[in-house]
Amino acid sequence: MFEPTIPYIPSPTRYDDMVYNRCGNSGLKLPALSLGFWHNFGDITPYEHMKQLVFTAFDHGITHFDLANNYGPEPGAAEKNCGRLLHQYFGAHRDELIISTKAGYEMWQGPYGDWGSRKYLLASLDQSLQRLGLDYVDIFYHHRPDPETPLEETMGALATAVHSGKALYVGLSNYDGPTMEKAAAILNELHVPFIINQNRLNIFDRKPANNGLLDSALKLGKGVITFSPLAQGLLTNRYLNGVPEDSRIKADGRFLHADALTPERLEQIRALNDLAAERGQTLAEMSVAWLLHHPAVTTVLIGASKPQQILDNIGALKNTDFSEDELRRIDEIALGK
């Protein structure tokens with residue numbers, strides 16, 4: 001049972017300053033920043049803290065909450081905690097929200113709890129809806145390509161998710177350009193609204209640019225949502241003077257390790273920080289703005305451990321324009337061009 005709670009009254013000005021971008025050629029608009037539930041919505045985070053993160057986001061126009069079946073810890077915990085938040089505080093605002101989830105990584109033991117079979121995807125979606133307490137999600141993603149399952153089977157499962165009313169749109173995550181184009185052709189034949197790709201992209205990691213995903217998204221009119229915009233905190237001022245005791249490297253080594261902060265990387269971070277200062281931005285703001293500057297990018301998926309970090313990311317929206325010289329200097333620093 002969910003306990004009684006004081007009603008949440010969101011800010012009446014929440015839509016005044018947020019930018020909303022059309023997701024490819026679809027009818028759906030997404031906020032320029034979306035809130036990811038990857039890191040800080042598992043059972044190791046106090047519920048009151050999660051609540052403040054979500055309230056801060058929605059109060060400032062962030063209407064998209066992004067999840068996956070395996071987000072935690074433990075797997076499923078982020079969806080469960082999101083469901084609790086939605087039930088207690090957002091019942092009157094469900095139609096103002098975009099809730100997305102995914103399936104594709106290992107979720108339960110045995111041969112049916114991983115990858116991209118029809119069996120796994122549709123069972124996982126039912127489990128996700130139960131944890132979230134929802135009748136449908138707005139976007140359901142296949143989380144990663146499955147090299148052993150026919151693409152037609154995986155895309156057919158996404159089609160069933162839409163045709164059954166359990167998802168409004170579908171997306172693909174971690175696909176490259178050529179594979180995404182093949183998947184898009186199948187989904188088009190099945191009359192499925194495939195609208196978005198989710199991929200890791202930041203100043204240091206250009207994989208979607210190198211594997212054709214960004215070009216294919218532009219060509220086909222599909223949206224792109226990028227994750228890890230700050231390279232797990234490297235593209236911030238957190239590590240300019242060493243590793244703080246409360247940093248992600250020290251506090252949670254699941255995703256960022258101390259060996260990532262090499263002398264060469266630290267030199268790059270400091271040079272990028274200097275360029276950001278010239279632009280009147282923090283390094284984090286410039287890193288988010290750099291992503292939004294790309295014509296293929298619809299929205300940037302941010303994570304936050306503190307409400308202030310959400311507000312800091314919103315500051316990036318004040319200036320997403322870059323001169324050719326600034327773009328060249330970023331590439332020279334980050335890629336050695």
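Everything numeric here is computed off the predicted structure, so don't read it as measured data.
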* Is Y8 linked to L85 within one hydrophobic cluster, defined over Ile, Leu, Val, Met, Phe, Trp and Tyr using a side-chain heavy-atom separation of less than 4.5 Å? -> yes

* To do: Measure the CG-SG distance between L97 and C82 for me, rounded to the nearest 0.5 Å.
  => 8.5 Å

* Aromatic contact, F41 with Y71 (centres under 6.0 Å) -> no

* F194: ring pair (Phe, Tyr, Trp, His ring centres under 6.0 Å) partners, not counting sequence neighbours -> none

* Interatomic spacing from CG in D146 to OG in S117 - rounded to 0.5 Å -> 7.5 Å

* Of all pairs that satisfy ring pair (Phe, Tyr, Trp, His ring centres under 6.0 Å), the ones with a partner from residues 107-127, not counting sequence neighbours -> W108-Y120

* To do: Check the hydrophobic clustering (I, L, V, M, F, W, Y; side-chain heavy atoms under 4.5 Å; chains of links allowed) and say if L121 and I196 are grouped together.
  => no

* **Salt-bridge criterion met for R94 and D138 (N-O under 4.0 Å)** => yes

* Q281 side chain to A276 backbone, donor-acceptor under 3.5 Å -> no

* Could you give all pairs that pass the salt bridge (charged side-chain N to carboxylate O under 4.0 Å, His left out) test and reach residues 108-120, with sequence neighbours left out? -> D114-R144

* Asked: Do you see a donor-acceptor pair shorter than 3.5 Å between the side chains of S305 and H39?
  -> no

* Asked: Can you tell me if D205 uses its side chain to pair, donor with acceptor, with the backbone of K207 under 3.5 Å?
  -> yes

* Answer with yes or no whether the hydrophobic clustering places L30 together with F227; edges join I, L, V, M, F, W, Y residues whose side-chain heavy atoms lie under 4.5 Å apart. => yes

* Asked: Donor-acceptor pair, T160 side chain versus G156 backbone, under 3.5 Å?
  -> yes

* Looking only at atom types and distance, does a side-chain atom of K102 sit under 3.5 Å from a main-chain N or O of N69, one as donor and one as acceptor? -> no

* Asked: How would you list, by chain and number, every residue that makes a side-chain hydrogen bond (donor to acceptor under 3.5 Å, both in side chains) with Y20, sequence neighbours excluded?
  -> none

* With hydrophobic residues grouped by side-chain heavy-atom distances under 4.5 Å, do L213 and L218 end up in a single group? -> no

* Structure fact -> Smallest heavy-atom separation, L122 atom then A157 atom, equals CD2-O, 3.4 Å

* Structure fact -> For A77 and G42, the nearest pair of non-hydrogen atoms, with its separation, is CB-CA, 4.0 Å

* Asked: Taking 4.0 angstrom as the limit, do K51 and E48 come out as a salt bridge?
  -> yes

* Indicate yes or no: at least one non-hydrogen side-chain atom of L261 is less than 4.5 angstrom from one of I269. => yes

* To do: State the OG-CG distance between S128 and N70, to the nearest 0.5 angstrom.
  => 9.5 Å

* For P150, does its backbone N or O pair with a side-chain atom of E153 as donor and acceptor, under 3.5 Å? -> no

* Asked: What residue among T101, I99, L132 forms side chain to side chain contact (heavy atoms under 4.5 Å, CB included) with F65?
  -> I99

* To do: Could you tell me the separation between the CD atom of E189 and the CE atom of M155, rounded to the nearest 0.5 Å?
  => 13.0 Å

* To do: Apply side-chain contact (heavy atoms from CB on, under 4.5 Å) to T56 and list each qualifying residue two or more places apart in sequence or on a separate chain.
  => H60, P307, I310, L311

* Structure fact -> Scanning both residues in full, the closest heavy-atom pair of A57 with L35 reads CB-CD2, 3.9 Å

* To do: Verify whether one side chain among N81 and D43 offers a donor that lies under 3.5 Å from an acceptor in the other.
  => yes

* Asked: Hey, would you say the F58 and F90 ring centroids sit under 6.0 Å apart?
  -> yes

* Structure fact -> Tightest non-hydrogen contact, residues H64 and S100, listed as NE2-OG, 3.0 Å

* With sequence neighbours excluded, tell me which residues meet salt bridge (charged side-chain N to carboxylate O under 4.0 Å, His left out) with R265. => none

* Check whether the side chains of S34 and D66 place a donor and an acceptor atom closer than 3.5 Å, and report yes or no. => no

* Structure fact -> Of all heavy-atom pairs linking T179 and D176, the shortest is OG1-OD1, 2.7 Å

* According to a 4.5 Å side-chain heavy-atom criterion applied to Ile, Leu, Val, Met, Phe, Trp and Tyr, with indirect links allowed, do L151 and M180 form part of one hydrophobic cluster? -> yes

* To do: Evaluate the criterion side chain to side chain contact (heavy atoms under 4.5 Å, CB included) for residue pair R84 and M50; output intermediate values, then yes/no.
  => CA-CA 11 Å; R84 183 179 172 190; M50 298 182 217; over 6 Å; no

* Asked: Does a salt bridge link R329 with D274, judged by any charged N lying under 4.0 Å from a carboxylate O?
  -> no

* Asked: Short question: side chain of N21, backbone of A32 - any donor-acceptor pair under 3.5 Å?
  -> no

* To do: Keeping the roles fixed (side chain from T320, backbone from L292), state whether a donor-acceptor pair exists under 3.5 Å.
  => no

* Asked: Counting N and O atoms only, with roles assigned by atom type, does the side chain of T299 sit under 3.5 Å from a partner on the main chain of P31, one being a donor and the other an acceptor?
  -> yes

* To do: Identify, with sequence neighbours excluded, every residue that meets salt bridge (charged side-chain N to carboxylate O under 4.0 Å, His left out) alongside E326.
  => R279

* Under the side-chain hydrogen bond (donor to acceptor under 3.5 Å, both in side chains) rule, collect the residues that match up with K222, sequence neighbours excluded. => none

* For the student: nearest non-hydrogen atoms of A217 and V224, plus distance -> CB-CG2, 3.6 Å

* **By salt bridge (charged side-chain N to carboxylate O under 4.0 Å, His left out) - contacts of K219 (at least two apart)** => E181

* To do: Write out all pairs satisfying ring pair (Phe, Tyr, Trp, His ring centres under 6.0 Å) with one or both partners inside residues 134-178, taking only residues at least two apart or from two chains.
  => Y105-H143, H142-Y175

* To do: With sequence neighbours left out, write down each residue that passes side-chain hydrogen bond (donor to acceptor under 3.5 Å, both in side chains) with T298, or none if nothing qualifies.
  => none

* Are N313 and Q309 close enough that a side-chain donor and a side-chain acceptor fall under 3.5 Å? -> no

* Ion pair check, E324 and R328, cut-off under 4.0 Å -> no

* side-chain hydrogen bond (donor to acceptor under 3.5 Å, both in side chains) against D126, all qualifying residues, sequence neighbours excluded -> K166

